[in-house]
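Questions regarding the structure given below will be posed in turn.
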Amino acid sequence: MTTRPGRRQRIRVTGVVQGVGFRPFVYGIALRFGLAGHVGNDSGGVFIEVEGPADNLNSFVEALRSEPPPLAHVERITVEEMQTRGDDDFVIVHSEAHPQRATLISPDLCTCDDCLRELTDPADRRYRYAFINCTNCGPRYTIIQDIPYDRPLTTMAAFPMCPTCQAEYDDPLDRRFHAQPNACPDCGPQIWLEEAGVRLAGDAIAAAQRIIADGGIVAIKGLGGFHLACDAANDNAVARLRERKHRPAKPFALMAPSVQQVRTFAHLDPAEEAALTSRERPILLLRKHEPNTLSARIAPGNATIGVMLPYTPLHFLLVTDRPFVMTSGNISGEPIVTDNDDARLKLGGLADAFLMHNRAIHTPCDDSVIRRFQGVDLPVRRSRGYAPFPIRLPLAAPPLLATGGELKATFCLAEGEKAFMSQHIGDMANLSTLDAFTHAADHMARLFRIEPEAIITDSHPGYLSNRWAHEQSTSLVEVQHHHAHIAAVMAEHSHPNEPVIGFAFDGTGYGTDGTIWGGEVLIADYGTFERAAYLKPVPLAGGDVSVQRPYRLAMSHLYAAGLDWDIPTLAICPPEERQILERQFTIGLNTVPTSSMGRLFDAVSALAGVCQHATYEAQAAIELESIAAHDVHKGYSFALDGAVIDPAPVIAAIVTDLNAGAPAPVIAAKFHNAVAAMIARVAAHLRDIHGVHTVAFSGGVFQNTLLLEKTRPHLTDFNVLTHRLVPPNDGGLALGQAAIGSHRLTR
Ligand code: ZN
Ligand code: ZN
Ligand code: FE
């Protein structure tokens, strides 16, 4: 060993630093500054030892901070001095398993431009290869079985690399250096087309395209699960897909080949285009152009349409000329199908053919869905491309698991300042979703080495997640539903533990008095809340039935307002049902009082004749938002009496308008204006009483961007918190539970 003048440092880098080309980057800058030593991955992140002249060491650390590779998220760099060892060169060393420490894992990311160039280059050895990827793109979270992130611990372990791929993998100067999913047509996964259980010979992509062009439905195995695809312009094909999926109206998402094509059927502002083309590639809810050439059955009654661009090489090869419907391949309400055999079993009756591949999907991951509101993300579903990137908590959490709610369930594992929100799990109303939840929670806990000391759950005794939480031996914290909503939006803004005026408007949540809440105004911090105002409860007869038949909610509201049911739009209610309802309301039989704002939207939607039967969640409210006239500035008026917000005058005024022949778009607009004005009055009133100047909006009702748009101008002298990172719906609930849980457990 020779001794050199200079110093040696041990450097540790944490964050998303694995599987993103970080070691070759370190190698490159070590060479640039003439330093010796080594770099490697362990389960805590990247470790580096460098030796050389002091100035060069400083420049090296500066470069580490200032020029990391595009997909890296550097969280922390720590530097320690050590004895020089006289190394001669700089090397990349093998990964070390380090069971105590966990690093961050990158979400799955869209194919990069370099790979796309190769994919379309006839001279490239990966020309039209459906699994092309590199250090800067490709599958990550969905293929990782354990950490450290290395090929043997991914579903790529089944594909030994050919010498050419191996050489790329071993070359620190290659774009595929240690790209764990690296593969080529000679050694990697393959696709094929299957019809009636028979694997067809020939070009699988061309065959799938032909079936779709001919009006067929193809189940396509993608990154995080199967999609069901058909031609978005073919009305019969879309109708058949709806019928087979038993999904009469809930919108289908599309995958379109290009931004230019999206512009032919949807409006796209620059912020929306940026989100559409981002490497996360979410489904974007865009305003439809009317008329357009798409099937009218894709998003009936909706002013928006969900659109994404291709994000895997398979999609780039497949979706080239026309938009496809691309909807999750699952049986209604169940988790997305990921396994080939499972797909044959469960999707066999839905699809005319299967476009399969043999790379296993370890973690199911549905597409993410976002809206853009005034240039900022408004997530509707946070899943592929985002999970499992952590959200920073405003307070340090002990290791905990927050179970989320029931619909659109996600969970949250948290420790310290990191909250790992799961991918979308589904509606936790059946055992297969509960099973998917426990499976996913175990896997994520293992990946991030978090051993929960407590479980945080919704206080609703009827939620499967609540019952599951009670069966665990871990200590338990129950959190009120709307408190969790408000804490979620506070937490994602790193709001300190100071009270806010929280508007939690949603469909259903279990109240502290055992009734159904959902039109709540809370003075809340992370520790506690006060129900400062709420929508006056109306009787809900037979919960689920009424949610599916919004006309019953109109009748609830008319009854509560002391108005009769003799309204043409309610003629839809059969006489027998009318009699039963009347009796139920009069004697209070099988009714639960609800203060739900979501149900008020349903009621108004039915009254206005917009939606009287709902086949998917929030359909009536979405259709009401969709038809609202944009040039109506008058509104109805809620009565405010102490803590009670009474909708009766609104209902009465709507009836008057209906009798005067007012069209539904006008009623819809006046109702939105009324809710916006009511929010402003309640906020001002509570500010005067409590001296609180921050307003927070959460709950599924705040997915309604028309409502947000109408509300914001009233609140110019408030600090306003709306969701940007997690959904306002129950998909964001677990984050709020985690924040409240941490506060209670550490107080
Ligand atoms: Zn790439
Ligand atoms: Zn190969
Ligand atoms: Fe909710």
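Numbering of ligands and ligand atoms starts at 1, following listing order. Throughout, residue positions are numbered sequentially from 1 according to the sequence presented.
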Between Lys250 and Glu623, is a salt bridge (charged side-chain N to carboxylate O under 4.0 Å, His left out) present by the stated rule, with each step listed? CA-CA 11 Å; Lys250 190 177 178 188; Glu623 293 184 0; over 6 Å; no
Next item on the list: Could you tell me whether the side chain of Arg382 and the main chain of Gln423 form a donor-acceptor pair under 3.5 Å?
Entry: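 Between the backbone of Gln423 and the side chain of Arg382 there is no qualifying donor-acceptor contact (under 3.5 Å).
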Check whether the ring centres of Tyr169 and Phe177 lie less than 6.0 Å apart, and answer yes or no.
no
Near the Zn ion (ligand 1) (under 2.8 Å) - protein N, O or S atoms =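 Those protein N, O or S atoms (cut-off: under 2.8 Å from the Zn ion (ligand 1)) are Cys112 SG, Cys115 SG, Cys134 SG, Cys137 SG.
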* Inspect the contact between Glu406 and Arg467 and indicate whether a charged nitrogen and a carboxylate oxygen are less than 4.0 angstrom apart. => no
Pick from Asp150, Thr135, Asn133, Thr154: which one makes a side chain to side chain donor-acceptor pair (under 3.5 Å) with Gln180?
->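 Among Asp150, Thr135, Asn133, Thr154, the one meeting side chain to side chain donor-acceptor pair (under 3.5 Å) with Gln180 is Asp150.
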The protein N, O or S atoms lying under 2.8 Å from the Zn ion (ligand 2) are Cys162 SG, Cys165 SG, Cys184 SG, Cys187 SG
inquiry  = Taking the ring of Tyr127 and the ring of Tyr129, is the distance between their centroids below 6.0 Å?
reply    = no
### Message
I'd like to know if the side chain of Asp525 reaches the main chain of Gly527, judged simply by a donor and an acceptor atom lying under 3.5 Å from each other, with no hydrogens or angles considered.
### Response
yes
- [ ] Please say whether the positively charged group of Arg384, taken as NZ for Lys or CZ for Arg, lies over the ring of Tyr311, i.e. under 6.0 angstrom from the six-membered ring centre and within 45 degrees of the axis.
- [x]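 Because its charged atom sits under 6.0 Å from the ring centre and within 45° of the axis, Arg384 does stack over Tyr311.
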- Query: Under 2.8 Å from the Fe ion (ligand 3), how many protein N, O or S atoms can be found?
  - Reply: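 Under the 2.8 Å cut-off, the count stands at 4.
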Requested in this report: Flag the pair Leu721 / Val695 as yes when at least one side-chain heavy-atom distance between them is below 4.5 Å, and no otherwise.
Outcome: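 The answer is no; the side chains never approach within 4.5 Å.
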Q) Taking the inter-plane angle between the rings of Phe437 and Phe411 on a 0 to 90° scale, is it parallel (under 30°), tilted (30 to 60°) or perpendicular (over 60°)? A) perpendicular
Name all residues meeting the salt bridge (Lys or Arg N to Asp or Glu O under 4.0 Å) criterion together with Lys408; count only those two or more places apart in sequence or in a different chain, and write none if there are none.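 Salt bridge (Lys or Arg N to Asp or Glu O under 4.0 Å) list for Lys408, sorted by chain: Glu617.
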TODO: Please test Glu118 against Arg176 for salt bridge (charged side-chain N to carboxylate O under 4.0 Å, His left out), starting from the C-alpha separation and ending with a verdict.
DONE: CA-CA 13 Å; Glu118 292 171 348; Arg176 299 196 165 87; 2.5 Å; yes
inquiry  = With salt bridge (charged side-chain N to carboxylate O under 4.0 Å, His left out) as the criterion, how do Glu478 and Arg744 come out once you've worked through the C-alpha distance, each side chain's angles and the decisive distance to 0.1 Å?
reply    = CA-CA 10 Å; Glu478 290 193 332; Arg744 292 209 189 140; over 6 Å; no
